Amino acid sequence: MSDSQKHIAHYHLPGLFEHYELYRVFLPLFREHREYFYDWCDIGSIYGAPAGCLWGGGRVGLGETDAESVLALLRKYGISARLTFSNSLLREEHLSDRKCNRLCALFQTDSDPRNGVIVHSDLLLDSLKRKYPGLYFVSSTTKVLTDFPQLLQEIDREDFLYVVPDFRLNKAFDRWNTLTESQKDKVEFLCNECCRFGCSDRKACYEAVSRKNLGESCTDHLCTAPDGDRGYRFSRAMENPGFIGTADIRNVYLPMGFSHFKIEGRGLGSALVLEFLLYYMTKPEYHVHVREAIYLDNMLDLF
């Protein structure tokens with residue numbers, strides 16, 4: 001990565017399919033009114049998955065927008081698209097799924113920029129590498145890699161262009177400082193996780209989502225965290241010890257040599273995702289301008 005790029009935060013945004021209507025309005029605003037937005041950030045990718053994907057993971061996909069429209073929008077603005085295929089429970093018989101293979105075949109047709117796939121399963125990864133060499137791959141945070149030596153092994157794998165660590169390692173600065181420049185270039189920090197910092201059930205939670213995407217009969221994972229029944233709250237995420245805010249990005253992570261930051265939210269409402277775009281990317285004096293542009297688009301239902 002060049003020295004000039006080192007001073008840019010590349011955001012990886014949620015809701016490729018799920019929040020297509022929001023991005024249909026936001027992306028032209030981001031291009032045409034760059035004065036509204038911080039000059040030290042850009043959009044590295046937008047990730048997500050449509051409804052009904054066996055390979056889906058992390059969240060149950062709800063997006064209904066057709067893939068051709070999604071790709072046409074991101075091509076127009078030169079942004080990489082990522083499929084979230086992070087199901088952790090895939091078996092050999094699932095690899096022939098027609099819908100997911102069709103999506104990969106379609107996404108690999110782009111080369112500038114290339115599109116990617118976020119994966120958990122090595123079984124799926126090996127299959128995708130053989131069949132769709134035009135794609136790049138991201139190691140999913142659903143692996144819950146909280147052991148730093150194990151995470152370093154993941155970062156050093158040539159299979160992955162990026163690796164998303166578990167958010168509980170976000171502030172392990174003494175260990176992050178030991179990475180080489182090439183290792184730092186592959187790290188993509190999850191910024192706004194709301195999950196309880198001491199949660200020991202994250203793998204079980206992700207596995208429950210994987211079973212649902214596979215169509216298996218299972219009960220919902222019951223979160224035992226205090227206020228877990230209230231769902232996502234950005235205000236609560238900001239109080240999380242692993243939270244990475246804009247000041248952290250500018251004053252700590254960028255100077256350390258880290259440039260990639262993932263924003264979660266594809267399972268949330270568009271109004272809350274807009275708040276993320278305002279907080280992480282938009283100058284405070286222009287928040288109202290962006291809100292007005294978004295809210296006054298009569299085709300966009302934010303609630």
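All values derive from a computational prediction rather than experimental measurement.
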>> Do the side chains of R24 and E21 get close enough for a salt bridge, i.e. N-O under 4.0 angstrom?
In response: yes

> Are the ring centres of H289 and H33 closer than 6.0 Å?
Replying inline: no

>> Can you tell me how far apart CD (E18) and CZ (R266) are? Round to the nearest 0.5 Å.
In response: 5.5 Å

> In terms of ring plane angle, is the pair H19 and Y23 parallel, tilted or perpendicular, where the classes change at 30° and 60°?
Replying inline: perpendicular

> With distance as the sole test, does D42 use its side chain to make a donor-acceptor pair with the main-chain N or O of I8 at under 3.5 Å?
Replying inline: no

> Taking the six-membered ring for Trp, are F189 and F261 parallel (under 30°), tilted (30 to 60°) or perpendicular (over 60°)?
Replying inline: parallel

>> Over 60° means perpendicular and under 30° means parallel, so tell me whether F234 and Y280 are parallel, tilted or perpendicular.
In response: tilted

> Under a 4.0 Å N-O cut-off, is there an ion pair linking K99 with D97?
Replying inline: no

> Can you tell me if Q183 uses its side chain to pair, donor with acceptor, with the backbone of T180 under 3.5 Å?
Replying inline: yes

> Got a donor-acceptor contact below 3.5 angstrom from the K184 side chain to the M256 backbone?
Replying inline: yes

> How about S45 and Y136: do any of their side-chain heavy atoms sit closer than 4.5 Å?
Replying inline: yes

>> I'd like to know if the side chain of N170 and the backbone of L190 have a donor-acceptor N/O pair within less than 3.5 Å.
In response: yes

> Ion pair present between E93 and R91, side-chain N to carboxylate O less than 4.0 angstrom?
Replying inline: yes

> Which distance, rounded to the nearest 0.5 Å, do you find between the OG of S140 and the CD of E154?
Replying inline: 10.0 Å

>> Rounded at 0.5 Å granularity, tell me how far CD1 in I79 sits from CG in L27.
In response: 4.5 Å

>> Please determine whether a side-chain nitrogen of the Lys or Arg among E188 and K262 lies less than 4.0 Å from a carboxylate oxygen of the Asp or Glu.
In response: no

> What is the distance from atom OG of S86 to atom OH of Y47, rounded to the nearest 0.5 Å?
Replying inline: 10.0 Å

> Donor-acceptor pair, W176 side chain versus L169 backbone, under 3.5 Å?
Replying inline: yes

> Between S69 and D66, is a side chain to side chain donor-acceptor pair (under 3.5 Å) present by the stated rule, with each step listed?
Replying inline: CA-CA 6 Å; S69 296; D66 65 274; 2.9 Å; yes

> Between the side chain of H287 and the main-chain N/O of L278, is any donor-acceptor distance below 3.5 Å?
Replying inline: yes

> R34: what forms a salt bridge (charged side-chain N to carboxylate O under 4.0 Å, His left out) with it, not counting sequence neighbours?
Replying inline: none

> Taking all atoms of both residues into account, what is the closest heavy-atom pair of V290 and T282, and its distance?
Replying inline: CG2-CG2, 3.7 Å

>> Could you report the tightest heavy-atom contact between N192 and A237, atom names first, then the distance?
In response: O-CB, 3.7 Å

> Counting heavy atoms not belonging to K76, are there more than 12 under 6.0 Å from its NZ?
Replying inline: no

> Got a second to check how far D126's CG is from L124's CG, nearest 0.5 Å?
Replying inline: 9.0 Å

> Hey, does the Lys NZ or Arg CZ of K186 hover above the aromatic six-ring of Y162, less than 6.0 Å from the centre and inside 45° of the axis?
Replying inline: no

> Any idea which heavy atoms bring D174 and T178 closest together, and the distance?
Replying inline: O-CG2, 3.4 Å

> Going from CG on L73 to CD1 on I46, what distance comes out if it is rounded to the nearest 0.5 angstrom?
Replying inline: 7.0 Å

> Are F37 and F26 near enough that their ring centres are under 6.0 Å apart?
Replying inline: yes

> Do any N or O atoms from the side chain of D166 and from the backbone of L145 form a donor-acceptor pair under 3.5 angstrom?
Replying inline: no

> Are the charged groups of E275 and R233 less than 4.0 angstrom apart, N to O?
Replying inline: no

> So, for F173 and Y253, is the gap between ring centers shorter than 6.0 Å?
Replying inline: yes

